[in-house]
Amino acid sequence: MQIKGKFDHFNINVKDLEKSKAFYEKAMGLKEKKRHSADDGSFTLVYMGDGHTDFSLELTWLRDKGEPYVLGDNESHLCYRVEGDYEQIRAFHKEMDCVCFENTDMGLYFIEDPDGYWVEILKAK
């Protein structure tokens with residue numbers, strides 16, 4: 001059997017939905033595509049998109065989660081390719097104080113969101 005498909009979305013849980021949404025809007029230019037909230041207010045899902053692909057970053061906020069998320073040894077990450085002046089974008093992220101790791105020999109760096117998730121930033125191909 002040959003399975004064909006495409007990635008649809010990736011979910012992360014966030015403590016402060018509006019703070020996380022604002023971070024992804026500012027740092028990566030993502031925009032809210034859609035939102036779903038439980039009737040009882042127990043959760044809200046916000047799907048952020050890049051405007052170029054169908055892929056979404058799903059931000060999940062849970063009302064009853066009071067303490068910050070503990071990411072532990074989970075070293076998974078998203079990768080985001082940026083168009084335009086890569087060094088200018090890196091400088092912008094440094095001004096935001098969200099660059100958490102750089103490897104200039106490999107031509108990459110990572111930014112960290114308000115919940116501690118890392119996003120790798122690469123030049124567009």
Side-chain angles (χ1 to χ4, degrees):
M1 172 191 284
Q2 171 111 17
I3 297 174
K4 293 184 180 183
K6 64 179 183 172
F7 282 107
D8 183 79
H9 70 274
F10 183 79
N11 166 260
I12 59 173
N13 288 1
V14 300
K15 182 167 172 40
D16 182 327
L17 182 58
E18 293 310 314
K19 184 176 182 179
S20 294
K21 183 180 167 208
F23 173 83
Y24 285 102
E25 287 173 347
K26 183 175 181 179
M28 297 166 56
L30 301 184
K31 302 289 183 212
E32 182 174 333
K33 291 170 53 172
K34 65 181 178 176
R35 178 183 290 243
H36 174 74
S37 296
D39 291 338
D40 65 0
S42 61
F43 70 85
T44 299
L45 310 175
V46 171
Y47 296 88
M48 306 288 291
D50 59 23
H52 302 287
T53 67
D54 293 333
F55 184 81
S56 296
L57 176 62
E58 176 187 340
L59 307 178
T60 298
W61 172 81
L62 303 172
R63 177 188 62 206
D64 297 334
K65 179 68 174 172
E67 65 280 350
Y69 287 94
V70 177
L71 302 183
D73 294 330
N74 181 359
E75 293 189 26
S76 64
H77 67 272
L78 292 168
C79 180
Y80 196 68
R81 291 195 178 266
V82 295
E83 299 175 3
D85 186 328
Y86 186 75
E87 293 307 320
Q88 186 177 24
I89 294 167
R90 182 197 317 247
F92 175 72
H93 286 146
K94 285 185 176 187
E95 287 174 21
M96 287 182 63
D97 197 29
C98 64
V99 174
C100 58
F101 179 79
E102 294 182 80
N103 185 330
T104 53
D105 290 340
M106 292 181 67
L108 60 87
Y109 67 97
F110 287 81
I111 60 175
E112 185 174 0
D113 84 353
D115 292 283
Y117 294 103
W118 284 25
V119 179
E120 181 178 4
I121 306 296
L122 293 174
K123 294 179 187 177
K125 289 185 174 182

Asks: Using only atom types and a distance under 3.5 Å, with no angle test, would you say the side chain of Tyr117 pairs donor to acceptor with the backbone of Ser76?
Replies: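 Not a single qualifying donor-acceptor pair exists.
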Asks: Which atom names give the shortest non-hydrogen contact between Glu102 and Val99, and what distance separates them?
Replies: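 Closest approach of Glu102 to Val99, heavy atoms only: CG-CG1, 3.6 Å.
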Asks: What's the spacing between Cys98 SG and Ile121 CD1 if we round to 0.5 Å?
Replies: 8.0 Å
Asks: Check the pair Lys21 / Glu32 against salt bridge (Lys or Arg N to Asp or Glu O under 4.0 Å), numbers first and verdict last.
Replies: CA-CA 8 Å; Lys21 183 180 167 208; Glu32 182 174 333; 2.8 Å; yes
Asks: Once rounded to the nearest 0.5 Å, what's the spacing between atom CZ of Arg81 and atom CG of Asp50?
Replies: 13.5 Å
Asks: Could you walk me through whether Ile111 and Phe101 pass the side chain to side chain contact (heavy atoms under 4.5 Å, CB included) test, one step at a time?
Replies: CA-CA 7 Å; Ile111 60 175; Phe101 179 79; over 6 Å; no
Asks: Is the closest side-chain heavy-atom distance between Leu30 and Glu25 below 4.5 Å?
Replies: no
Asks: Tell me the closest heavy-atom pair linking Ile12 and Asp113, and the distance in Å.
Replies: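 That would be CD1-OD2, 3.6 Å.
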Asks: Assess the residue pair Val119 and Cys79 against the criterion (side chain to side chain contact (heavy atoms under 4.5 Å, CB included)); give the C-alpha distance rounded to whole Å, side-chain angles, the decisive distance to 0.1 Å, and a yes or no.
Replies: CA-CA 6 Å; Val119 179; Cys79 180; over 6 Å; no
Asks: Quick one: closest heavy-atom pair of Lys26 and Phe92, and the distance?
Replies: O-CE2, 3.4 Å
Asks: Quick check: are there more than 12 heavy atoms from other residues, nucleotides or ligands sitting under 6.0 Å from CD of Glu83?
Replies: no
Asks: Under a 4.5 Å side-chain heavy-atom rule over Ile, Leu, Val, Met, Phe, Trp and Tyr, are Trp118 and Met106 clustered together?
Replies: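 Yes; tracing contacts between hydrophobic side chains, which count when under 4.5 Å, links both residues.
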Asks: For a side chain to side chain contact (heavy atoms under 4.5 Å, CB included) check, start with the C-alpha distance between Leu57 and Leu78, then their side-chain angles and the critical distance, and finish with the verdict.
Replies: CA-CA 9 Å; Leu57 176 62; Leu78 292 168; 3.6 Å; yes
Asks: Pair Glu58, Arg35 - check salt bridge (Lys or Arg N to Asp or Glu O under 4.0 Å), show working.
Replies: CA-CA 9 Å; Glu58 176 187 340; Arg35 178 183 290 243; over 6 Å; no
Asks: Apply the test salt bridge (Lys or Arg N to Asp or Glu O under 4.0 Å) to residues Lys15 and Glu67: give CA-CA distance (whole Å), side-chain angles for both, the deciding distance (0.1 Å), then the verdict.
Replies: CA-CA 8 Å; Lys15 182 167 172 40; Glu67 65 280 350; over 6 Å; no
Asks: Go through Lys6 and Phe55 one step at a time and tell me if the side chain to side chain contact (heavy atoms under 4.5 Å, CB included) criterion holds.
Replies: CA-CA 9 Å; Lys6 64 179 183 172; Phe55 184 81; over 6 Å; no
Asks: Rounded to the nearest 0.5 Å, what separation is found between the NZ atom of Lys34 and the CE atom of Met48?
Replies: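 Rounded to the nearest 0.5 Å, the NZ-CE separation comes out at 14.0 Å.
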Asks: Does the side chain of Leu62 reach to within under 4.5 Å of the side chain of Ser42, using non-hydrogen atoms?
Replies: no
Asks: Could you name each residue pair satisfying ring-ring contact (aromatic ring centres under 6.0 Å, His included) that touches residues 57-83, not counting sequence neighbours?
Replies: His77-Phe110
Asks: Does a sphere of radius 6.0 Å around CG in Asn103 hold more than 12 heavy atoms from other residues, nucleotides or ligands, not counting ones at 6.0 Å or beyond?
Replies: yes
Asks: Between Gly49 and Lys33, what is the shortest heavy-atom contact and its length?
Replies: CA-CD, 3.3 Å
Asks: Does Gln88, at its CD atom, have more than 12 non-hydrogen atoms belonging to other residues, nucleotides or ligands within less than 6.0 Å?
Replies: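 Counting other residues, nucleotides and ligands, CD of Gln88 stays at 12 neighbours or fewer.
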Asks: Considering all heavy atoms of both residues, which atom of Ala27 and which atom of His93 are nearest to each other, and what is their separation?
Replies: O-NE2, 2.6 Å
Asks: CG/Leu45 to OG1/Thr60 distance, rounded to the nearest 0.5 angstrom?
Replies: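 The CG atom of Leu45 sits 4.5 Å away from the OG1 atom of Thr60.
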Asks: Nearest 0.5 Å please: distance from the OG atom of Ser37 over to the CG atom of Leu17.
Replies: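 Interatomic distance, Ser37 OG to Leu17 CG, rounded to 0.5 Å: 8.0 Å.
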Asks: Using a 4.5 Å cut-off on heavy atoms from C-beta on, say whether the side chain of Asp115 contacts that of Ser20.
Replies: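 Yes, at least one pair of side-chain atoms sits under 4.5 Å.
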Asks: Would you find more than 12 non-hydrogen atoms of other residues, nucleotides or ligands less than 6.0 Å from Lys65 atom NZ?
Replies: yes
Asks: Restricting to pairs with a member in residues 2-29, which pass ring-ring contact (aromatic ring centres under 6.0 Å, His included), not counting sequence neighbours?
Replies: His9-Tyr47
Asks: So, taking the atom named CG in Asp85 and the one named CZ in Arg90, what distance separates them when rounded to the nearest 0.5 Å?
Replies: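 Nearest 0.5 Å value for the CG-CZ distance: 10.5 Å.
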